[in-house]
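Report on the following structure.
In what follows, every chain begins at residue 1, and chains take the letters A, B, ... in the order their sequences are listed.
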Amino acid sequence: MIKVLFFARLREQLSTDSLQIQLSDNMTTDTIRQQLAETDTLWAKVMSADNLLVAVNQEVTDWTQQINDGDEVAFFPPVTGG
Amino acid sequence: MIKVLFFARLREQLSTDSLQIQLSDNMTTDTIRQQLAETDTLWAKVMSADNLLVAVNQEVTDWTQQINDGDEVAFFPPVTGG
Amino acid sequence: MIKVQQSDFVVADEYRYLANDNQDGAVVTFVGKVRDFNEGIDVQGLSLEHYPGMTEKVLNDIEKKAREHWPLNKVTIIHRFGDLTLGEQIVFIGVTSPHRKAAFAACEFLIDFLKTQAPFWKKELTSEGSVWLDAKNSDDDASQQWQEKLND
Amino acid sequence: MIKVQQSDFVVADEYRYLANDNQDGAVVTFVGKVRDFNEGIDVQGLSLEHYPGMTEKVLNDIEKKAREHWPLNKVTIIHRFGDLTLGEQIVFIGVTSPHRKAAFAACEFLIDFLKTQAPFWKKELTSEGSVWLDAKNSDDDASQQWQEKLND
């Protein structure tokens, strides 16, 4: 299983802070993004945002990273702390 | 009268923190420096230091500044505060 | 020392810890506060969300990076989350070094990188409702400039 | 606020004064302390001489110059004179601004200019006797760089 997390504006727009998905063959950060985008038009819109960021196991990465079972994948907008 | 002040290393080397001198015609910061340098070999050495600074009425200036009666003239080495 | 916390911090306590070593000639601190306006709109407060676990990891990485570039002794990074009202303290960065240039540069580097890399998100409570902040280009520029400067 | 004094200052009190305004998003402070070594020699303490009257004048001028270049709200400069022992605080610079870049730049500018323009002189008490410090080229360079940057 893969744990997927959503933060800030995304979490609010999707009314979801986390969910679990099954690992599939050759799964990447982009595969997960596309899979989630297929949920409905809302998810399609949110998951296609230009500035969407993704972290795997708490490290920001790009859309080609391979996913392994047990990974924690997080989607969020650009950060605005400090 | 002109009030002349000495600070830090200069004050110690000359064993003098202040003195009064008479205003003379066309007196400049450089005139005062030369006049003081004539006191003896110690003063000659101290007043000819390359990095000697001078302030008139508490403002750093160069060696051409005209002196007026009542001015406060201070000699000191480069500053090292902070 | 890195702390991510809901509660407020006390600058006097942080300063006491930082200023305790005779090898240091310089202590530089930065405090970021909730300001009463942003881009022309009245701000009444902030709600700060973060990604627990990742936040601490990123802050540790940033501290490590700063220590690679400057001779630092103590480094303190504190960032709050949760609801904050007007004028409240959000973030504390404190750095000590034998040299003032190093302390200034590292302190500014730490807050610039925190702003673009640490997973915090601000939602502003304004007179027109509550709004998630957009990332600022000026913040990206600031951390970009460090990258260029430090890779020279 | 400019203070030239023999007595110590309390950073907590200075911070409280600085951090009191909701228009400010950033508070940057610098504290310079008596360090236990300088150019390889053990330091046991410092004796600080200044030029009363001129010191305050120069510090006021430097503050004025900083305010011309950056949008600052509060500025505090405190410099001590007299005998100071190891680890003691020498100088405090505190700056507040709506913007952190301005607060950092102004704080560093103020200490850089103070170092090359304010009439203070340090005599170090070392294991080899007491010695007047020579001005550092690096300090002249720092204030020279500001002149060039700000005249651009």
Side-chain angles (χ1 to χ4, degrees), chain B residues 1-21 27-30 32-33 36-37 42-82, chain D residues 4 30-35 38-39 46-62 77-82 84 89-93 107-124 129-140 142-143:
Chain B
M1 296 293 279
I2 312 296
K3 189 177 176 188
V4 184
L5 304 173
F6 305 93
F7 289 98
R9 185 181 283 158
L10 260 74
R11 180 182 53 71
E12 279 195 356
Q13 288 172 322
L14 302 172
S15 304
T16 306
D17 56 11
S18 74
L19 50 79
Q20 305 257 347
I21 57 172
M27 198 176 219
T28 66
T29 41
D30 195 49
I32 300 180
R33 181 186 190 166
L36 293 169
L42 172 68
W43 281 76
K45 187 178 161 251
V46 170
M47 296 309 292
S48 68
D50 271 352
N51 59 8
L52 189 67
L53 296 176
V54 63
V56 175
N57 299 330
Q58 310 190 343
E59 210 147 308
V60 168
T61 185
D62 60 24
W63 297 107
T64 65
Q65 183 166 332
Q66 206 68 33
I67 302 300
N68 298 309
D69 204 30
D71 278 354
E72 177 177 299
V73 178
F75 294 96
F76 45 80
V79 303
T80 56
Chain D
V4 181
F30 167 80
V31 175
K33 295 171 64 215
V34 182
R35 208 171 51 166
N38 190 30
E39 288 164 22
L46 275 189
S47 185
L48 255 156
E49 182 171 330
H50 77 119
Y51 182 172
M54 179 168 166
T55 311
E56 292 79 357
K57 209 167 164 178
V58 171
L59 296 180
N60 269 304
D61 285 350
I62 298 174
I77 306 175
I78 307 174
H79 203 298
R80 296 176 67 193
F81 60 88
L84 303 180
Q89 305 178 134
I90 304 169
V91 56
F92 178 90
I93 312 273
C107 189
E108 197 167 6
F109 168 92
L110 287 166
I111 183 65
D112 284 352
F113 270 69
L114 182 155
K115 287 218 167 228
T116 53
Q117 302 192 352
F120 288 102
W121 299 275
K122 277 181 192 156
K123 193 175 184 176
E124 280 184 350
S130 71
V131 214
W132 288 103
L133 280 191
D134 285 321
K136 283 192 217 153
N137 288 335
S138 62
D139 288 332
D140 287 337
S143 77

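- In this structure, CG in Leu133(D) is found 8.5 Å from CZ in Arg9(B), a value given to the nearest 0.5 Å.
- Scanning both residues, Ile90(D) and Gly82(B), for their nearest heavy atoms gives CG2-O, 3.9 Å.
- Heavy-atom distances place the side chain of Lys57(D), and not its backbone, under 4.5 Å from chain B.
- For the pair Thr80(B) and Glu124(D), the minimum side-chain heavy-atom distance is 4.5 Å or more.
- Counting heavy atoms from C-beta on, the side chains of Pro119(D) and Phe7(B) never come closer than 4.5 Å.
- A salt bridge (Lys or Arg N to Asp or Glu O under 4.0 Å) check over residues 10-21 of chain B, counting only residues at least two apart or in different chains, returns the pairs Arg11(B)-Glu49(D), Glu12(B)-Lys123(D).
- Neither the backbone nor the side chain of Leu53(B) comes within less than 4.5 Å of any heavy atom in chain D.
- Residue contact with chain D, scored on non-hydrogen atoms closer than 4.5 Å, involves the backbone of Asn57(B) exclusively.
- If you measure heavy-atom distances from Asp139(D) to chain B, you find no contacts under 4.5 Å at all.
- Atoms CD and OH, on Gln58(B) and Tyr51(D) in that order, are 4.5 Å from each other to the nearest 0.5 Å.
- Val60(B) has its side chain within reach of Met54(D): a pair of non-hydrogen atoms, C-beta onward, lies under 4.5 Å apart.
- Between the side chain of His79(D) and the backbone N or O of Gly81(B), no donor-acceptor pair lies under 3.5 Å.
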